[in-house]
Amino acid sequence: MEQHGTRPAQYGPRRSRAALPPQGRGGAAGRPVGRPAGPRAGGGPARAATGRQAGRPGPAAREAGARRTMPNPRLTGLGSGLFCAAVMVVLGWLDALLLGASLAVYGVLFVPVCLLTAVWVRRGDLLTAPVVVPIAFAVGLATVAESGDGGLGGRLMGIVTALATEAGWLYGGTLVAGSTVIVRRIRLMRRRRAAARNRPPG
């Protein structure tokens, strides 16, 4: 009698041969490793605030920008003399036209012109500023000094008289220019010494 072999029935859950991919697993197992389940750290308003702070310039940047916007020419020795003389001639002409050639107003306007001349002259020609400002003062006096009889001799006498009577403004403007030049010279020497100290030994 022929007997057929039968396999015994296997009970219990079958084992799947292939593991499910991570996307198929529900819950927290499907999340990438190392990423928190909550909202992203550092996102949202915090990141926007950081961006606003990064885009806002600091006080040093604002001060540097303000310095760039201010005029900062560098005049040579001859250029500073021409600048001072031209400005004093223009101011003297305006003084004679609007104020009746007031020597006191001319002397007051001479002081800030001396300061600008000493500030704008370049470093190599610092010593020329106190020399050119008295010459520019005398040149500008030709527009406000009394002419006397209207001739050349009367004009020269008027300039000499104005130089004698307005010597205080002449000395004051020259002193301002000299003091400004000395301050700039001291600062220049300090910068050179600091640069020499910070220079690596060769």
Rounded distance [0.5 Å steps], [atom1] in [X] versus [atom2] in [Y]:
{"X": "Ile186", "Y": "Arg190", "atom1": "CD1", "atom2": "CZ", "value": "6.5 Å"}
{"X": "Thr76", "Y": "Trp120", "atom1": "OG1", "atom2": "CH2", "value": "14.5 Å"}
{"X": "Glu146", "Y": "Met157", "atom1": "CD", "atom2": "CE", "value": "11.0 Å"}
{"X": "Thr161", "Y": "Leu156", "atom1": "OG1", "atom2": "CG", "value": "10.5 Å"}

Backbone N or O of [Y] within a donor-acceptor pair of the [X] side chain at under 3.5 Å?
{"X": "Arg184", "Y": "Ala118", "answer": "yes"}
{"X": "Asp95", "Y": "Ser102", "answer": "yes"}
{"X": "Thr143", "Y": "Gly140", "answer": "yes"}
{"X": "Arg155", "Y": "Ala145", "answer": "yes"}

Measure across [X] and [Y] and return the closest heavy-atom pair with its distance rounded to 0.1 Å.
{"X": "Pro130", "Y": "Thr174", "value": "O-CG2, 3.8 Å"}
{"X": "Glu166", "Y": "Leu103", "value": "OE2-CB, 3.4 Å"}
{"X": "Val121", "Y": "Ala129", "value": "CG1-CB, 4.4 Å"}
{"X": "Leu141", "Y": "Tyr106", "value": "N-OH, 3.2 Å"}
{"X": "Val133", "Y": "Cys84", "value": "CG1-SG, 3.9 Å"}
{"X": "Cys114", "Y": "Gly173", "value": "CB-O, 3.4 Å"}

Would [X] and [Y] show up in the same hydrophobic cluster when neighbours are defined by side-chain heavy atoms closer than 4.5 Å?
{"X": "Val87", "Y": "Val108", "result": "yes"}
{"X": "Ile182", "Y": "Met189", "result": "no"}
{"X": "Val113", "Y": "Trp169", "result": "yes"}
{"X": "Ile159", "Y": "Leu109", "result": "yes"}
{"X": "Leu82", "Y": "Val181", "result": "no"}

- Message: Below 30° counts as parallel, above 60° as perpendicular, anything between as tilted: where do the rings of Phe110 and Phe137 land?
- Response: perpendicular
- Message: Is there a side-chain contact between Ser80 and Asp125 in this structure, where contact means two heavy atoms from C-beta onward sitting under 4.5 Å apart?
- Response: no
- Message: Tell me whether Leu127 at atom CG has more than 12 heavy atoms from other residues, nucleotides or ligands lying less than 6.0 Å away.
- Response: no
- Message: Check this for me: Arg187, atom CZ, are more than 12 non-hydrogen atoms of other residues, nucleotides or ligands nearer than 6.0 Å?
- Response: no
